[in-house]
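I have placed the structure first, in the form of structure tokens, so that the comments after it can refer back to it.
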Amino acid sequence: MRFSVMLRQLVGGMGISIEIFAVTLLVSLPLGLLICFGRMSKNRLIRMAASAYISIMRGTPLMLQLMVVYFGPYFLFGIRISMGYSLIAVFIGFSINYAAYFAEIYRGGIESMPVGQYEAARILGYSRAQTFIHIILPQVIKRILPSVTNEIITLVKDTSLAFVLAVAEMFTIAKQIASSQTTMMPFVVAAVFYYVFNLLVAVVMTWVEKKLNYYR
């Protein structure tokens with residue numbers, strides 16, 4: 001196989017990897033904040049449910065979760081699954097998994113805020129929602145950004161797990177080409193792609209961190 005043909009196929013697979021990455025972030029970041037609120041809720045049942053969810057998502061392999069999301073509708077409810085459901089199952093599996101990690105990151109950032117800030121906001125007449133949105137959240141984002149960056153970089157590499165559901169992302173295509181052509185070159189090219197992608201993520205997140213360090 002010519003190198004240009006192999007490269008074109010891997011680029012197509014990289015497009016699927018980027019799609020998984022983007023959808024996961026768009027869903028898991030806000031979902032993680034919602035779960036964080038549940039984890040910190042004064043309602044015992046809500047708090048226990050959120051804690052159990054986080055424990056299960058962080059305590060079981062992502063690969064297993066993907067298989068449960070994919071096969072669950074059939075084995076639990078008898079719903080027939082189509083081939084097109086594979087990518088949707090990947091989106092769901094990745095999103096609910098990463099939401100649990102982001103929820104704990106959010107919680108750590110929120111709980112690290114001094115109580116005095118809440119008291120000062122209450123004296124100034126801010127409601128609880130206004131206090132969180134205008135005072136607490138901007139500071140929390142600054143504090144948790146390094147941890148979020150680590151999770152995002154991990155997400156880039158974890159997209160390769162989509163092969164479990166036969167989603168043809170870049171790693172799957174690299175394996176297929178390497179198997180048919182008996183060469184390591186597809187893996188080398190895939191490694192370069194992953195590295196460059198992660199390097200871009202790191203550069204962007206570093207730029208965001210510098211932009212948010214407006215008191216330095």
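Positions are given from 1 along the sequence. Because the structure is a prediction, the values reported are computed rather than measured.
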Could you go through the side chain to side chain contact (heavy atoms under 4.5 Å, CB included) check for Gln9 and Gln176 one step at a time?
CA-CA 11 Å; Gln9 292 181 359; Gln176 292 172 349; over 6 Å; no
So which atom in Glu209 and which in Pro146 form the shortest heavy-atom distance, rounded to 0.1 Å?
OE1-CG, 4.0 Å
With the 4.5 Å side-chain cut-off for hydrophobic clustering, are Leu26 and Leu33 part of the same group?
no
Looking only at heavy atoms, what is the nearest atom pair of Leu66 and Leu161, with distance?
CD1-O, 3.7 Å
Taking the inter-plane angle between the rings of Tyr85 and Tyr70 on a 0 to 90° scale, is it parallel (under 30°), tilted (30 to 60°) or perpendicular (over 60°)?
parallel
Indicate the atoms forming the closest heavy-atom contact of Phe102 with Ser28, along with that distance.
CE1-OG, 3.3 Å
Non-hydrogen side-chain atoms of Thr172 and Val167 separated by less than 4.5 Å:
no
Please determine whether residues Ile123 and Ile133 belong to a single hydrophobic cluster, defined as Ile, Leu, Val, Met, Phe, Trp and Tyr linked transitively by side-chain heavy-atom distances below 4.5 Å.
no
For residues Phe37 and Phe132, establish whether the separation of their ring centroids is below 6.0 Å.
yes
CE on Met48 to OG on Ser55, rounded to 0.5 Å:
11.5 Å
Between atom CE of Met63 and atom CG of Leu165, what is the distance when rounded to the nearest 0.5 Å?
10.0 Å
Checking side-chain contact (heavy atoms from CB on, under 4.5 Å) between Pro186 and each of Val189, Val188, Thr183, which is the one that passes?
Thr183
Surrounding CE of Met113 (heavy atoms of other residues, nucleotides or ligands, distance under 6.0 Å), is the total greater than 12?
yes
Please round to the nearest 0.5 Å and tell me the distance separating atom OG1 of Thr206 and atom CG of Leu145.
9.0 Å
Close side-chain approach of Thr159 to Tyr194, heavy-atom, < 4.5 Å
yes
Would you sort out whether Gln65 and Thr60 count as a side chain to side chain contact (heavy atoms under 4.5 Å, CB included), showing the intermediate values?
CA-CA 7 Å; Gln65 294 167 21; Thr60 56; 2.8 Å; yes
Steps toward side chain to side chain contact (heavy atoms under 4.5 Å, CB included) verdict (Phe197, Phe21):
CA-CA 11 Å; Phe197 192 6; Phe21 170 83; 3.7 Å; yes
Please give me the minimum heavy-atom distance between Ile96 and Tyr53, naming the atom from each residue.
O-OH, 2.6 Å
Would a single hydrophobic cluster contain both Val11 and Ile16, if residues Ile, Leu, Val, Met, Phe, Trp and Tyr are joined by side-chain heavy-atom contacts under 4.5 Å?
yes
Atom of Tyr106, atom of Val140 and distance for their closest heavy-atom approach:
O-CG1, 4.4 Å
Ignoring hydrogens and geometry beyond distance, is a side-chain donor-acceptor pair present between Arg143 and Ser112 at under 3.5 Å?
yes
Heavy-atom donor-acceptor pair, Glu111 side chain to Gly108 backbone, under 3.5 Å:
no
Does any N or O in the side chain of Arg47 come within less than 3.5 Å of the main-chain N or O of Ser41, such that one atom is a donor and the other an acceptor?
yes
Distance-minimising heavy-atom pair for Met57 and Ala100:
CB-CB, 3.4 Å
At what distance, to the nearest 0.5 angstrom, does CG of Leu155 lie from CG of Asn97?
9.5 Å
Let me confirm one number: the OH-CG distance from Tyr195 to Leu200, rounded to the nearest 0.5 Å.
10.5 Å
So with a 6.0 Å cut-off around CE of Met205, is the heavy-atom count from everything else above 12?
yes
Rounded to the nearest 0.5 Å, how far apart are CD1 of Ile153 and CG of Asp158?
12.0 Å
Honestly curious: do Ile177 and Phe187 fall in one hydrophobic cluster under the side-chain, below-4.5 Å linking rule?
yes
Using only heavy-atom distances, determine whether the side chains of Ser160 and Glu169 contain a donor-acceptor pair under 3.5 Å.
no
Contact between Leu87 and Glu19 at the side-chain level, heavy atoms closer than 4.5 Å - yes or no?
yes
Take Phe91 and Val27 through the side chain to side chain contact (heavy atoms under 4.5 Å, CB included) test and state the conclusion after the steps.
CA-CA 9 Å; Phe91 291 155; Val27 176; over 6 Å; no
Tyr101 side chain vs Glu151 backbone, donor-acceptor pair below 3.5 Å:
no
Single-linkage hydrophobic cluster, 4.5 Å side-chain cutoff, Leu31 and Ile56 together
yes
Has Ser147 got a side-chain atom pairing as donor or acceptor with Ile105's backbone, closer than 3.5 angstrom?
no
Hey, does the side chain of Ser95 reach the backbone of Ile92 with a donor-acceptor pair shorter than 3.5 angstrom?
no
